[in-house]
Amino acid sequence: MRGRFAAAAALLALFLSCAVVAPVRADPKDPPPPPKKEDPPPKKEDPPPPKEVPPVPPRPERIPEQPVEYPKDEPVGEDPTEDPRIVDDATDVNEDPTDKPNRDLAEPPKDDGNSESPHPNRNSTTSAVGLGGGGGGGGRGGKGGFESRRARGGGGVKLDRVKAALEWLKDHQNVEGYWSSTTFSADTKRVNARKTYHIEFLEPGKPGADSGWTDKAVDIGLTGLSLLAFAGAGYDHKQGDYKETCRIAAAYLRKAQGNDGCFGEKESDHFVYNHAICTAALCEIYGLTGDAGLKGICDKAVAFILYAQNPGLGWRYGVKPGVNDTSVTGWMISALKSAKMAGLDAEYERSFADASKWLDAVTAQYQGFPKTGYNEAAGNNARLRASQDYDNNPSMDAINIYSRLVMGQVGWDAKHRDLKAQASACLETLPAWEHHKIDYYYWYYASLALYQMGDTYWKKWDTAISKVLMDNQRGFRAEDKGSTKDTLDEHGSWDAVDAWGVAGGRVYSTAINCLTLEVHYRYLRLGEKPKEVAPLPPIDAPKETPKETPKDDPWAPR
């Protein structure tokens, strides 16, 4: 009995363990059960640690540039290298070209150099005002090409007119050494002279009509151009009637040169013109004097020109801009030629070879004749927006002639067929005092080119240019009859009525026309040897006045 009951109990327990228990129905009145808690989401695995990156090395520390310290000015004492024949009261202050080497020191500055101009680079490390520091290098008695250029105080119509122009420039130089396109009238030393401004064509009689652009950067180029006019006549900062004028101008440009060698700021496009002209001016001053204080300045200026050149071609606005034009290229070639004549070492041949490729590219046949364009083959010359009414002329042809000749490449001489054809084109566009034909820039380059071409080219051109410039130089016109520099502020200058006067004003007009009058003695013709220049007699020897000018005198007026 007991065994049956145990078996039944075991069977019941097995049945209950396999049965499904039905849910108990909740009473609607009962509260809802609490929400069932869900299991938390599985925990994401942490990303693998980033790979180790080597630390960035610190930027190299740039050592600040140290300013150049120039020696303080010492009291001027006797210099054993000073030429005893050059004295303040001498009747002839021309330097003796046979004095080798020229080691005369520049005059010490009359100021302490602390006054800053608004134009030069204030942070330049070449801001010493005084020019000096010995001599040697190029120039008189050196290896330069300026041995035959000597300052002349007058004699002959052209030389007298050159002197009148230089007097105007001297009297309108700012006390800091620069020439301004806008303030020259206020800078005048002719305080009691009347001012007439333009007398025809452009706003006659209106004050300020003969001023140029207000852009202060223009003044750098005008200073270079004016100084070049003095150097072109043989004057420099060591001898002649314009020593002080040249000294403070050269000192101003020295102060305006940046560490890269460029003169003035580079904020406007025309800084390349300014730099080329200033380089030519200081190189010619260095060539005249051999002043070692200028050599480093000139070397840096030439290096900047070579650096700015487009590889394999010429120049335009900026440094290696990738485009070229004949006008800027012409000024650069002219500056390099002056540097080469002064005996400065540089890669001239490579630069000239590249520049010639640009002239090749921009010169083409037009109506059966070779024509050099401004920035395209056989194109017209450039014009300012304000001067679109002025006639086109062969100014680019003139630049091509002059550049080809002075670069001295094989085959390019005065007998070259293309150069003769372009010289003939210049003779078909002779200078004329008609408003929209007046172009001092063209007249200057054509004078340089045709003088080198020589023969009938120069004779015909010289006759025309001499008459136009001398007939219209202020102080010598019929309207100015009887005037002097003390009574007429414009005496010796030219009105700024040409195609470029709106930019450079009266200073530009006077400086570039003065250079044009100097062409016939500024340079020797290519292939012409300088004539022997007799040494000056002792200062106490009686001077004899020659009865007539020798026919072979290179300084005789043409």
Side-chain angles (χ1 to χ4, degrees), residues 68 113 116-131 173-174 176-181 212-213 215-232 236-237 245-287 291 293-309 315-321 327-339 342 344 346 351 503-504 507-508 511-512 515:
V68 178
E116 286 285 356
S117 164
H119 315 320
N121 302 329
R122 290 181 178 273
N123 297 326
S124 172
T125 60
T126 58
S127 60
V129 175
L131 290 175
Q173 182 185 29
N174 186 274
E176 290 189 25
Y178 65 89
W179 281 268
S180 171
S181 64
W213 286 343
D215 183 358
K216 296 298 183 182
V218 177
D219 298 349
I220 295 289
L222 290 180
T223 302
L225 196 66
S226 299
L227 182 59
L228 194 60
F230 286 96
D236 55 57
H237 65 290
T245 299
C246 294
R247 187 193 69 79
I248 64 174
Y252 175 83
L253 293 181
R254 178 178 183 173
K255 192 176 182 180
Q257 187 181 40
N259 292 327
D260 60 356
C262 183
F263 292 104
E265 302 291 348
K266 296 185 282 291
E267 297 176 354
S268 57
D269 289 342
H270 52 265
F271 83 85
V272 289
Y273 283 108
N274 297 341
H275 179 75
I277 295 170
C278 292
T279 301
L282 288 182
C283 285
E284 295 199 14
I285 291 290
Y286 171 67
D291 189 338
L294 290 174
K295 186 178 185 302
I297 299 171
C298 294
D299 282 336
K300 289 174 62 177
V302 170
F304 183 82
I305 289 179
L306 298 179
Y307 177 71
Q309 185 175 12
W315 293 263
R316 189 165 163 73
Y317 304 139
V319 175
K320 293 182 176 63
S327 179
V328 176
T329 297
W331 281 109
M332 293 297 189
I333 291 173
S334 184
L336 292 178
K337 176 62 176 178
S338 294
L344 297 169
S351 180
V507 175
Y508 154 79
I512 199 165
L515 283 164

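Heavy atoms only: backbone and side chains are in, while hydrogens, waters and symmetry mates are out.
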*Is any side-chain N of the basic residue among D269 and R316 closer than 4.0 Å to the acidic one's carboxylate O?*
no
*I would like to know whether K295 and D299 meet side-chain contact (heavy atoms from CB on, under 4.5 Å); could you show each step before the answer?*
CA-CA 6 Å; K295 186 178 185 302; D299 282 336; 2.8 Å; yes
[X] side chain vs [Y] backbone, donor-acceptor pair below 3.5 Å:
{"X": "T279", "Y": "A335", "answer": "no"}
{"X": "Q309", "Y": "S351", "answer": "yes"}
{"X": "Q257", "Y": "I297", "answer": "yes"}
{"X": "K320", "Y": "Y307", "answer": "yes"}

To the closest 0.5 Å, what do you measure between [atom1] ([X]) and [atom2] ([Y])?
{"X": "D236", "Y": "F230", "atom1": "CG", "atom2": "CZ", "answer": "12.0 Å"}
{"X": "C278", "Y": "I220", "atom1": "SG", "atom2": "CD1", "answer": "6.0 Å"}
{"X": "D219", "Y": "L225", "atom1": "CG", "atom2": "CG", "answer": "12.5 Å"}
{"X": "I305", "Y": "H275", "atom1": "CD1", "atom2": "NE2", "answer": "4.0 Å"}
{"X": "E176", "Y": "Y252", "atom1": "CD", "atom2": "OH", "answer": "7.0 Å"}
{"X": "L228", "Y": "T223", "atom1": "CG", "atom2": "OG1", "answer": "12.0 Å"}

*Please lay out, stage by stage, how F304 and V319 fare under the test side-chain contact (heavy atoms from CB on, under 4.5 Å).*
CA-CA 9 Å; F304 183 82; V319 175; 3.9 Å; yes
Between [Y] and [X], is there a side-chain heavy-atom distance shorter than 4.5 Å?
{"X": "I333", "Y": "W315", "value": "yes"}
{"X": "N174", "Y": "W179", "value": "no"}
{"X": "I512", "Y": "Y508", "value": "yes"}
{"X": "C246", "Y": "L227", "value": "yes"}

For residues [X] and [Y], report the shortest heavy-atom separation together with the two atoms involved.
{"X": "A229", "Y": "L515", "value": "CA-CD2, 3.7 Å"}
{"X": "A217", "Y": "N274", "value": "O-ND2, 2.9 Å"}
{"X": "A308", "Y": "P321", "value": "O-CD, 4.2 Å"}
{"X": "S180", "Y": "V507", "value": "O-CG2, 3.5 Å"}
{"X": "E284", "Y": "S338", "value": "OE2-OG, 2.8 Å"}
{"X": "G221", "Y": "I277", "value": "O-CG2, 3.9 Å"}

*Evaluate the side-chain contact (heavy atoms from CB on, under 4.5 Å) criterion for residues D215 and H270: first the C-alpha distance (whole Å), next the side-chain angles of each, then the deciding distance (0.1 Å), finally the verdict.*
CA-CA 11 Å; D215 183 358; H270 52 265; 3.2 Å; yes
*Without hydrogens or angle criteria, can the side chains of Y273 and S327 be said to hold a donor-acceptor pair below 3.5 Å?*
yes
*Scan side-chain atoms only and decide if S226 and Q173 contain a donor-acceptor pair under the 3.5 Å cut-off.*
no
*Verify side-chain contact (heavy atoms from CB on, under 4.5 Å) between Y178 and L253, making sure each step is shown before the conclusion.*
CA-CA 8 Å; Y178 65 89; L253 293 181; over 6 Å; no
